[in-house]
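Notes follow once the structure below has been shown.
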2 protein chains.
Amino acid sequence: MAERETDRSVSQTVRAQLALRDLILSGGLRPGERISELQAVETIGVSRTPVRMALVRLEEEGLLEAIPSGGFMVKAFSERDILDSIELRGTLEGLAARFAAERGVSARDLEPLKECLGEIDGLVRQDPISVEAFSSYVALNARFHALLTELSRSPPLIRQIDRASALPFASPSGFVMAQSALPEAHQILLIAQDHHRIVVDAIENREGARAEAIMREHARLAARNLRLALRNRTHLDLLPALALIRSVAD
Amino acid sequence: MAERETDRSVSQTVRAQLALRDLILSGGLRPGERISELQAVETIGVSRTPVRMALVRLEEEGLLEAIPSGGFMVKAFSERDILDSIELRGTLEGLAARFAAERGVSARDLEPLKECLGEIDGLVRQDPISVEAFSSYVALNARFHALLTELSRSPPLIRQIDRASALPFASPSGFVMAQSALPEAHQILLIAQDHHRIVVDAIENREGARAEAIMREHARLAARNLRLALRNRTHLDLLPALALIRSVAD
DNA sequence: TCGAACATTTCTGTATACAGAAATTGATAA
DNA sequence: TTATCAATTTCTGTATACAGAAATGTTCGA
């Protein structure tokens, strides 16, 4: 939707995949809705073959579901599904943190993580926090988690975490936090940042069990947060995947 | 390879996927080897389109890797990759066991699991254990783990576990345990069955933490087991994915 | 007015054709 | 003999054509 002119640097398949994913996450396609290949062809502007490839990939990714009679539909998730996904992700990240701690990381390896930590600090110290700062936080937070995951040095685990993140971190491209929810969100950010600091410390000190435990706690915070957001119908959480939750969408 | 005549009950894509996966797991395609679409078309007997679909699915599944310049190759795994995958799987199954315990399962829900437990008991009580009994065990064990996973009642978790099982449980269709390795394997089976009994008991008694812990321990047994198998170059382990390990294949 | 059966239309799954890129082979020169 | 360059061949990515199935709309009968 952003650019219409053919971008030759990216394959048609990838383009279709990105376009479809964004369409799903932004709510352009509702949960349960059947996806018409021909319609997608028109919308995206590529042929059926790459669209089809993208559909298969998105199904494997977990955003689509195959219809027995043929074709795909947007997968619908319950509130519990999302909460479970968050806990699942926390468990995997806990394992990653433990791996990082137990296998030993050099000070040099920890550097990017600490740097990221510092950048986040700069944001969350603002009082009151701005909407822009919050958007930056979302990006930085994602980077922090990615860096942490990388530290495990375990390709299978990294892969799995990437997959598990699809839902909890699913976020349409142009998400912005509502102004009214900022103060409460700020409080949560401060706690989350505490967790971040602790896990880095635990890894540095080779305390695997502690590193694992804090990441699980971190996930529990996110879950509590989401539960609150759902109850209040606000977007104060860090996880704007709400469009996918059927029980809310309906 | 089994049937050549067109099986109309299954789609061409699924047929291609199964054929390719079996070809990879049985070692017909070596790790690192590039997969020629046209060659696959000839071997499997379907057109390029379904082959292509199958390749994409197998890549998402983690058995193939995309080549930057185009096409796919069989993914190569290190010994550590496989060990990590086992621990990863154990961690996820631990979470599943905890979910099952905490969320409460009725006696009726536990019935299939207990029945499976009993069947395995019948096998492992044999002394000496037969090669056939061992093959049966492999199947029953997979069923036990699947049933346990189901008890979590968490679709996202079940999905992740299925993905995570791709490697640890990867097994070509006609695998049989070597006669010489049976006694040692039998010992391991007995311990594994102890774990199975404990986890069922823990779930029944709503002891989430205990259920989780024992599944992790269970994975650690499998990992130790595989490590031993790799050192001795025997197939005494329960995880015949060795064909995928490059450090062994080389 | 409602329901069922038939015809029409649309859509998916599969096969194939085509273009551009990559790899391989062969030839020539140092 | 070896290295380099060019020509050829092969392969992938994409588009499109076709057949069968599913869904939809319409018409006829009760």
Side-chain angles (χ1 to χ4, degrees), chain A residues 1 3-21 23-24 28-61 63-76, chain B residues 3-21 23-24 28-76:
Chain A
M1 247 174 203
E3 318 109 343
R4 171 61 49 220
E5 60 277 5
T6 21
D7 184 352
R8 283 166 187 280
S9 66
V10 180
S11 80
Q12 308 283 63
T13 301
V14 172
R15 209 141 56 88
Q17 191 175 352
L18 292 176
L20 280 172
R21 178 161 37 205
L23 216 56
I24 295 166
L29 294 167
R30 289 297 183 79
E33 190 173 341
R34 190 198 194 108
I35 294 193
S36 160
E37 291 182 4
L38 296 178
Q39 194 175 318
V41 164
E42 274 193 13
T43 307
I44 303 172
V46 299
S47 151
R48 268 190 68 206
T49 308
V51 165
R52 195 148 240 288
M53 291 292 177
L55 289 175
V56 169
R57 292 203 121 98
L58 289 170
E59 184 206 359
E60 297 286 337
E61 199 172 307
L63 254 50
L64 296 183
E65 199 175 349
I67 301 173
S69 65
F72 299 94
M73 56 180 254
V74 179
K75 202 161 174 179
Chain B
E3 318 109 343
R4 169 61 52 219
E5 61 277 4
T6 21
D7 184 352
R8 286 169 185 276
S9 67
V10 179
S11 79
Q12 309 283 61
T13 301
V14 172
R15 209 140 58 86
Q17 191 175 353
L18 293 176
L20 279 171
R21 177 160 38 204
L23 216 56
I24 295 166
L29 294 166
R30 288 300 183 78
E33 190 173 339
R34 189 197 194 109
I35 294 193
S36 161
E37 290 182 4
L38 296 178
Q39 194 176 317
V41 164
E42 273 193 14
T43 307
I44 303 172
V46 298
S47 152
R48 266 190 70 206
T49 308
V51 165
R52 193 148 242 286
M53 291 295 176
L55 290 175
V56 170
R57 293 203 121 96
L58 288 170
E59 184 207 359
E60 296 286 337
E61 200 172 307
L63 255 50
L64 296 182
E65 200 175 348
I67 301 174
S69 64
F72 299 93
M73 56 179 253
V74 179
K75 203 161 172 178

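Below, read A as the first sequence line, B as the second, and so on, with proteins coming before strands; counting in each chain starts at 1.
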Produce a footprint string for nucleotides 13-23 of chain C: one letter per nucleotide, 5' end first; B if the base is under 4.0 Å from any protein heavy atom, S if only the sugar-phosphate is, - if neither. BBBBB-----S
Could you run down nucleotides 5-10 of chain C 5' to 3' and tag each one B, S or - for protein heavy-atom contact under 4.0 Å? ------
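Across every non-hydrogen atom of B/A16 and B/V51, the tightest pair is CB-CA, 4.2 Å. The shortest non-hydrogen separation linking B/G62 to B/K75 is O-CD, 3.3 Å.
The side chain to side chain donor-acceptor pair (under 3.5 Å) search around B/Q39 returns none, not counting sequence neighbours. Every residue meeting the side chain to side chain donor-acceptor pair (under 3.5 Å) condition with A/Q17, not counting sequence neighbours, appears here in chain and number order: A/E61. When the side chain to side chain donor-acceptor pair (under 3.5 Å) test is applied to A/E60, the partners found at least two apart in sequence or on another chain are B/R57, B/R163. Annotation: side chain to side chain donor-acceptor pair (under 3.5 Å) contacts of B/E65 (sequence neighbours excluded): none.
With A/L23 as the partner, the side chain to side chain contact (heavy atoms under 4.5 Å, CB included) test is satisfied by one option alone out of A/L29, A/L18, A/I35: A/L29.
Summarising the geometry, atom CZ belonging to B/R34 is positioned 12.5 Å from atom CG belonging to B/L64; distances are rounded to the nearest 0.5 Å.
Residue B/L55 is out of contact with every strand shown, counting any heavy-atom pair closer than 4.0 Å.
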